[in-house]
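We count ligands from 1, going down the list as the structure has it; atoms in each ligand are counted the same way. Residue numbers run from 1 in the order of the sequence given.
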Amino acid sequence: MATIRLGDLAPDFTADSSVGMINLYDYLGDSWGILFSHPADFTPVCTTELGAAANFKDEFDKRNVKMIALSVDSAASHAEWIKDINETQNTTVNFPIIADEDKKVSTLYDMIHPNADSNLTVRSVYIIAPDKTVKLTLTYPASTGRNFHELLRVIDSLQLTEYHKVATPADWKHGEKVVVSPAINTEDAKKMFPKGVEEIKPYLRLTPQPNV
Ligand code: BEZ
């Protein structure tokens with residue numbers, strides 16, 4: 001197990017899941033991916049998170065992102081838990097949950113932080129680009145449920161900045177102004193961004209989001 005850093009290739013794996021054996025790279029194909037871990041089945045915060053994720057499936061689909069969750073319990077346990085999630089969160093879990101009983105995948109992805117808990121995974125998130133490089137990692141403690149609006153916002157930023165020479169400022173949301181990449185001088189930026197470039201400081205230039 002090595003630390004997985006931004007820009008690294010996401011380690012591939014084949015594992016059992018709520019939908020049978022699954023290979024990460026085959027499952028993702030040419031899509032973006034989001035892999036997120038849960039401490040254990042039949043736990044309250046995880047139940048709400050998986051419900052939130054399932055309810056956002058359309059939004060992830062629109063962005064060409066496939067979801068895959070992980071919990072260190074068996075596929076049979078996942079199947080029972082999914083019934084509870086569907087019932088209590090008014091949803092249908094519509095993506096695989098890896099059954100990582102032997103902790104193979106959670107070890108590969110460094111999802112167990114022994115000084116927090118030696119058995120359960122923390123709440124890790126990996127966003128994986130179509131070329132299988134890791135674009136974002138995020139680690140929350142077991143006691144804090146993740147914000148799925150934020151995960152979609154980050155995906156919007158990652159997909160925008162992948163294809164345009166811009167970056168997104170604090171609290172940016174899809175459709176708002178973005179900053180011009182510091183690598184581009186203002187003269188070139190004005191040619192590159194026909195919607196206009198507002199120079200607040202030579203290093204702080206705003207432009208309307210180029211792809212809306
Ligand atoms: C939960 O998902 O609710 C949870 C799991 C482990 C520790 C604390 C909360």
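- Side-chain polar atoms of Asn55 and Thr91 form a donor-acceptor pair below 3.5 angstrom.
- In terms of protein heavy-atom proximity, atom 7 (C) of ligand 1 is closest to Ala142 CB, 3.6 Å.
- Geometrically, Lys66 engages Tyr27 in a cation-pi contact, judged by NZ or CZ lying under 6.0 Å from the ring centre and within 45° of the ring axis.
- Of the polar atoms of Pro44, at least one N or O is found under 3.5 Å from an N or O of ligand 1, judged by distance alone.
- In this pair, Trp81 and His78 present their aromatic rings tilted. The plane angle is within the 30 to 60° band.
- The protein heavy atom nearest to atom 3 (O) of ligand 1 is Val45 N, 2.5 Å.
- The shortest N or O to N or O distance between Cys46 and ligand 1 is below 3.5 Å.
- Ring centers of Phe56 and His149: under 6.0 Å apart, within the cut-off.
- Scanning all protein heavy atoms for the shortest distance to atom 4 (C) of ligand 1 gives Arg123 NH2, 3.6 Å.
- For the residue pair Asp100/Ser106, the side-chain donor-acceptor check at 3.5 Å is satisfied.
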